[in-house]
Amino acid sequence: MGPHPAVAAIRLAVRRVLHDLLTEHRTAAALPHAPSHEPPPPPLVLVACSGGADSMALASALAFESPKLGIRAGGVTVDHGLQPGSDVRAAEVVQRLRELGLDPVDSVAVTVGRAGGPEAAARDARYAALDTAAERHGAAAVLLGHTRDDQAETVLLGLARGSGIRSLSGMAAVSGAGGRYRRPFLELDRQTARKACMVQSLPVWDDPHNADPAYTRSRLRHEGLPALEKALGKGVVEALARTAQLSRDDADALDSWATQAEATVRDAAGQLECAKLYALPPAVRRRVLRRAAIAAGAPAGSLFARHLEEVDRLITGWRGQGAINLPGKVMARRQGGRLVIRQG
């Protein structure tokens with residue numbers, strides 16, 4: 001008798017990602033500049049585990065699948081220090097991961113700042129810790145347990161911010177420097193992961209922050225999405241996840257177009273020409289402007305649609321207005337038919 005359908009589903013999702021990683025690893029080892037005297041060591045894959053159902057299901061699937069492919073598997077848990085006893089829970093997660101056979105396993109304590117709000121600050125601290133752990137161990141990838149439900153929530157949050165199509169594209173299956181982060185569960189729902197933990201008798205920890213209405217994502221999860229499903233019927237989560245993929249495809253195409261267009265709208269001195277920018281479709285032009293602002297020093301995470309709309313009006317609604325202040329002390333001004341974007 002085979003495994004429970006939920007267990008089979010999570011294992012299949014992880015197996016596919018591990019196959020991709022193994023293929024990438026072997027391809028890199030076969031490159032001309034790679035040493036060919038000895039076979040490359042097996043790649044190490046880490047799972048980021050909070051102890052919740054999604055990440056515990058992911059850890060168990062990684063522990064099951066990795067030996068069959070000759071891949072080393074480890075884990076890392078991040079202690080955000082935001083709740084009493086968080087260090088004890090982190091130690092418990094480490095113990096559970098080791099009992100699954102994962103090695104190495106790290107617990108990393110972080111200090112969460114305030115920039116961007118509590119959720120964004122915790123996320124930034126968490127990814128910084130995961131990056132450090134991956135680099136310390138030389139890991140080929142870090143697996144994250146984001147599910148289709150998480151994807152739907154991300155799309156709705158992007159829609160509420162009015163951040164444009166890139167925000168609506170949600171989380172990528174592969175992201176980070178060199179494709180470090182992999183999300184095997186984006187096509188699986190949260191209940192599948194929880195059921196997999198239950199039938200395997202895996203202990204899970206339910207973070208009280210996930211039910212705390214003080215957090216935007218928690219309100220969306222427990223109030224917003226249920227209200228949408230009540231009004232529109234079942235299938236909202238699946239539809240939002242499809243929207244994410246379609247939006248990602250469109251955003252990738254527009255980004256590629258903007259990259260090509262940028263070289264055509266600069267003069268011999270490298271300055272942006274307003275007349276040529278005006279001729280571009282708005283979606284492409286704003287991407288060119290965003291790239292130019294970031295290149296000048298504007299932090300990408302602080303550069304919002306409203307900033308780009310103001311800069312865009314220097315091109316499309318020019319009435320002699322003054323310079324536009326952007327994050328990072330960057331200024332954009334129209335000067336002699338050119339758009340000048342620089343710091344200071």
query = Less than 4.5 Å apart, any side-chain heavy atom of C197 and any of R194?
reply = no
message = Under 4.5 Å between side-chain heavy atoms, counting indirect links through other Ile/Leu/Val/Met/Phe/Trp/Tyr residues: same cluster for L289 and I324 or not?
response = yes
request  = Sort and list the pairs that fulfil salt bridge (Lys or Arg N to Asp or Glu O under 4.0 Å) and have at least one residue in residues 240-251, not counting sequence neighbours.
outcome  = none
ask   = Any side-chain heavy atom of I315 within less than 4.5 Å of one from R285?
value = yes
query = Do the side chains of L22 and P43 get nearer than 4.5 Å, heavy atoms only?
reply = yes
message = Side-chain heavy atoms nearer than 4.5 Å, only ILVMFWY residues, links allowed to pass through others: does that put L130 and V108 together?
response = yes
key: Exceeds 12 heavy-atom contacts within 6.0 angstrom, atom NZ of K68   = yes
request  = Heavy atoms only: give me the nearest L97-A59 pair and the separation to one decimal.
outcome  = CD2-CB, 3.6 Å
Nearest-0.5 Å distance, OG of residue S60 to CZ of residue R96 = 13.0 Å
Residues, nucleotides or ligands: over 12 heavy atoms within 6.0 Å of E24 CD = yes
ask   = Are Y278 and L314 connected in the hydrophobic side-chain network, where two residues link if heavy atoms are under 4.5 Å apart?
value = yes
Candidate list L62, L69, V142, test side-chain contact (heavy atoms from CB on, under 4.5 Å), partner V45, passing option = L62
message = Please say yes or no: joined through hydrophobic side-chain contacts below 4.5 Å, possibly via intermediate residues, are F304 and I294 part of one cluster?
response = no
query = Are there more than 12 heavy atoms of other residues, nucleotides or ligands under 6.0 Å from atom CZ of R342?
reply = no
key: Distance (rounded to the nearest 0.5 Å) between L303 CG and L326 CG   = 6.5 Å
task = Compare all side-chain heavy atoms of T216 with those of L157 and state whether any distance is below 4.5 angstrom.
result = yes
Side-chain donor or acceptor of T259 paired with backbone N/O of D255 under 3.5 Å = yes
query = Between H307 and N325, does a side-chain hydrogen bond (donor to acceptor under 3.5 Å, both in side chains) hold up when you go through it step by step?
reply = CA-CA 8 Å; H307 297 128; N325 293 313; over 6 Å; no
ask   = Can R136 and D106 be said to form a salt bridge (Lys or Arg N to Asp or Glu O under 4.0 Å), step by step?
value = CA-CA 11 Å; R136 182 170 62 253; D106 284 354; 2.6 Å; yes
request  = Measure from the side-chain N and O atoms of S247 to the backbone N and O of A244, and report whether any donor-acceptor pair falls under 3.5 Å.
outcome  = no
request  = Tell me, with the steps shown, if E273 and R266 meet salt bridge (Lys or Arg N to Asp or Glu O under 4.0 Å).
outcome  = CA-CA 6 Å; E273 297 187 61; R266 293 186 181 274; over 6 Å; no
remark   = Smallest heavy-atom separation, V199 atom then H4 atom, equals CG1-CD2, 3.7 Å
Check ion pair R219-E153 (N to O, under 4.0 angstrom) = no
query = CH2 of W257: more than 12 outside heavy atoms within 6.0 angstrom?
reply = no
query = In terms of side-chain heavy atoms, does R180 have a donor or acceptor partner in S175 at a distance below 3.5 Å?
reply = no
query = Do the side chain of T77 and the main chain of C49 share a donor and acceptor less than 3.5 angstrom apart?
reply = yes
request  = Please determine, by modelled atom types, if R148 and T192 share a side-chain donor-acceptor pair under 3.5 angstrom.
outcome  = no
query = Yes or no on salt bridge (Lys or Arg N to Asp or Glu O under 4.0 Å) for D131 and R126, after CA distance, side-chain angles and deciding distance?
reply = CA-CA 9 Å; D131 280 335; R126 180 167 58 254; over 6 Å; no
message = Could you check whether any side-chain N or O of E65 sits under 3.5 Å from a backbone N or O of L18, counting only pairs where one atom can act as donor and the other as acceptor?
response = no
inquiry  = salt bridge (Lys or Arg N to Asp or Glu O under 4.0 Å), that's the test. Do D20 and R182 meet it? Break it down for me.
reply    = CA-CA 10 Å; D20 291 344; R182 310 289 170 117; 5.6 Å; no
request  = May I ask you to test the V237-E229 pair for a side-chain heavy-atom distance under 4.5 Å?
outcome  = yes
request  = Report yes if some heavy atom in the side chain of L186 is under 4.5 Å from a heavy atom in the side chain of T147; otherwise report no.
outcome  = no
remark   = For V105 and L102, the nearest pair of non-hydrogen atoms, with its separation, is CG2-O, 3.4 Å
request  = Determine the minimum heavy-atom distance between I341 and A292, stating which atoms define it.
outcome  = CD1-CB, 3.9 Å
Reported CZ-to-CZ distance for the pair R290 and R166, which is rounded to 0.5 angstrom = 9.5 Å
task = List in chain and number order the residues that pass salt bridge (charged side-chain N to carboxylate O under 4.0 Å, His left out) with E99, two or more places apart in sequence or in another chain; answer none if no residue qualifies.
result = none
note = Rounded to the nearest 0.5 angstrom, the CZ-CD distance for R98 and Q95 is 7.0 Å
inquiry  = Nearest 0.5 Å, please: how far is CG in L202 from CG in L100?
reply    = 6.5 Å
request  = Provide the closest heavy-atom pair for V155 versus L240 in the form atom of the first, atom of the second, distance.
outcome  = CG2-O, 3.7 Å
key: Contact check, side chains of R89 and W205, non-hydrogen atoms, under 4.5 Å   = yes
query = With hydrophobic residues grouped by side-chain heavy-atom distances under 4.5 Å, do V76 and L144 end up in a single group?
reply = yes
Value rounded to 0.5 Å, distance of CG in D54 from CZ in R183 = 13.0 Å
query = What are the two closest heavy atoms between R313 and Q321, and how far apart are they?
reply = O-NE2, 3.4 Å
